[in-house]
Amino acid sequence: MMIPLAVPNLSGNERKYLNNCIDTTFVSSVGEYVNEFESMVAEATGSVAAVATSSGTTGIHAALTAVGVKYGEIVIVPSFTFIASANAISHCGAIPWLMDIDSQTWCLDYDLVEKEIEENCSIENGKLYHKKTGKRIAAIMPVYTLGNIPNMKRFRSLADKYNIPLVVDAACAIGAKYEGNDFGNLADLSVLSFNGNKTITCGGGGAVIGCNKDLLDHVRHITTTARVWPDYDFDEVGFNYRMTNVQAAIGVAQMEQVDTFIETKRKIHDYYCSSLKSLSGKGITFFARTDGASCWFSGIVLPEKFSLEDSKSICSSLKQEGVEAKTFWKPIHLQIPYSNAPKSCVSVSEKLWQRIICLPCSTNISDLDLEKVSTLVKDAIMTL
Ligand SMILES: *Cc1c(COP(=O)(O)O)cnc(C)c1O
C-alpha cells in the first residue's frame, strides 16, 4: 500500500450533504450549499463576500476579467507557479510577464517587480505601459506559494502608485494569515482553489474573494453568464463558471473542518523539520514558510549541487518503498506554451524547482506513516 502525496480527507459530513443534494434534486448551480459555502469562505478569509466558481483557474480568469485585463495586455506573474496562473492570463488574451521569486518566501520577488516597472515601463494618461512593446501593464498577480504570504503592503503601495490592479492567485492558501490577520483584504481580488489536492476540496472548485463589494458583485455577474433577470437579457460577454451545489455540498463539509486541517498541515511541516533535522549535515533544507503560512505542502530541498535527476531518483526510490514523493512546479518559462513569453530574471525559480521533493502531507496521514516516510527519506539521502 502506497502512502499517497496528498489525498482528500472526507471524514466529515460530505456523504450526508451529497445525499441531501440528491434527495432534494438541488444538484446544479442553485442551492443552499453554494450560498453557505460562500459565506464560510468569506468568513474564513476575512472577505466581504466570496463568489464560488467551477475551479481555481476559472476564478482567476473571471477575476482578471473583472479588473479589466484585456487582449494583448500584460500581467506580471511569478514563473514559479502552477501553470493555471499563466493559463488564466492567456484565457484573457493577455500575456504573462514572468518574473522570479525570492528565496525566502518562494513568492514573487517584490524588488524585481519594482525595478522592472521603474526601468522598463512608463506612465501615459495615467496608465502604465511596457516601453519596448507599448503594451499596457494590466495587473500584478503574486501567488501565495504553499500558503506563504509575501510582503503585501509593499505590493499594495506599488500597485496604488501606478494605478494597476492587484490580483492574487491564492489557490493553495486557505487558512493562511498575514501579520496575524486574514488575507481577504490584501488585494483587489484573491482567488482560492478547491481542487482535489488542496487543503480543502470540493472535488473541483474555486472562489473569488476580496474587500470591494461592487467588484465582487461584478465577478458574480460575469461568472453567471452576465444575465439580467428575469428574462433572457445579457449585458456583456459572460462565463458559465458557477460552482454547483454538489461541489459546494462537499465544500461545506470540508469547511466545517478547516481549522483542524490547517493545524494538521502545520504539524506535518513541523514533524518533517524536526525528524529530518539530522540531514542538515547533508545540506538538506525545508520548504519556505512565512509567519502564518498554511503549509499546503511539505518536504525537503536538496543542496545546490544536486540536479533534477537526483530529485527524480530519490522520488523513485521512495516509491519503491511505498512512499509517494514528487517534484514540484516546473517554472512557466520552461513550459512549451510559454517558451516565448517575456521574462525577467528567473534564476531563483530555475535553480530551486529542480531540488524540491514534496513528501506525503494528507491531513489524514497517520503518525506511523509519517515515521515511515521520515525513516525512508533519511535512508535515501544517506545513499546520495
Ligand atoms: C491548484 C492551483 C491552481 C489551479 O486551481 P484549479 O482549481 O485546479 O483550477 C492555480 N494556481 C495555483 C498556485 C494552484 O496551486
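Whatever order the structure lists them in is the order used to number ligands and atoms, beginning at 1. Start at 1 with the first residue, then count along the sequence.
The protein heavy atom nearest to atom 14 (C) of ligand 1 is Ala171 CB, 3.3 Å. Among all non-hydrogen protein atoms, the one lying nearest atom 13 (C) of ligand 1 is Asp169 OD2, 3.5 Å. Nearest protein heavy-atom neighbour of atom 5 (O) of ligand 1: Ser193 OG, 3.2 Å. Ala84 CB, 3.6 Å is the protein heavy atom nearest to atom 4 (C) of ligand 1. Closest to atom 1 (C) of ligand 1 among all protein heavy atoms lies Lys198 NZ, 1.7 Å. For atom 9 (O) of ligand 1, the closest non-hydrogen atom of the protein is Thr57 OG1, 2.5 Å.
A donor and an acceptor atom, one from each side chain of Thr244 and Tyr33, are nowhere located under 3.5 Å apart.
Atoms of ligand 1 lying under 4.0 Å from at least one heavy atom of Gly56, given by number and element, are 5 (O), 6 (P), 7 (O), 9 (O). Within ligand 1, counting atoms from 1 as listed, the ones closer than 4.0 Å to a heavy atom of Gly205 are 7 (O). Using a 4.0 Å cut-off to heavy atoms of Trp329, the atoms of ligand 1 that qualify are 13 (C), 15 (O). Atoms of ligand 1 found under 4.0 Å from any heavy atom of Asn195 (numbered from 1 in listed order, with element): 7 (O), 8 (O). The Phe82 neighbourhood of ligand 1 comprises atoms 2 (C), 3 (C), 4 (C), 10 (C), 12 (C), 14 (C), with distances under 4.0 Å to a heavy atom of that residue.
Under a 4.0 Å N-O distance rule, the pair Arg227/Asp233 does not qualify as a salt bridge. The pair Lys351-Asp100 does not meet the salt-bridge criterion, since no charged nitrogen lies less than 4.0 angstrom from a carboxylate oxygen. Using a cutoff of 4.0 Å between basic side-chain nitrogens and carboxylate oxygens, Lys135 and Glu73 are not scored as salt-bridged. Ion pairing between a basic and an acidic side chain is recognised when a charged N comes within 4.0 Å of a carboxylate O; Glu321 and Lys319 show no such pairing. Between Asp217 and Lys213 there is a salt bridge, since a side-chain N of the basic residue sits under 4.0 Å from a carboxylate O of the acidic one. A salt bridge links Arg242 and Glu38; the closest N-O separation between the charged side-chain nitrogens and carboxylate oxygens is under 4.0 Å.
Taking a 4.0 Å cut-off on heavy atoms, Tyr144 fails to register as neighbouring ligand 1.
The proximity of Val143 to ligand 1, defined as any non-hydrogen pair under 4.0 Å, is limited to the side chain.
Geometric assessment of Arg355 against the ring of Trp353 yields a negative cation-pi assignment under the 6.0 Å and 45° thresholds.
When every heavy atom of Ile76 is checked against every heavy atom of Ile137, the shortest pair comes out as CD1-CG2, 4.0 Å.
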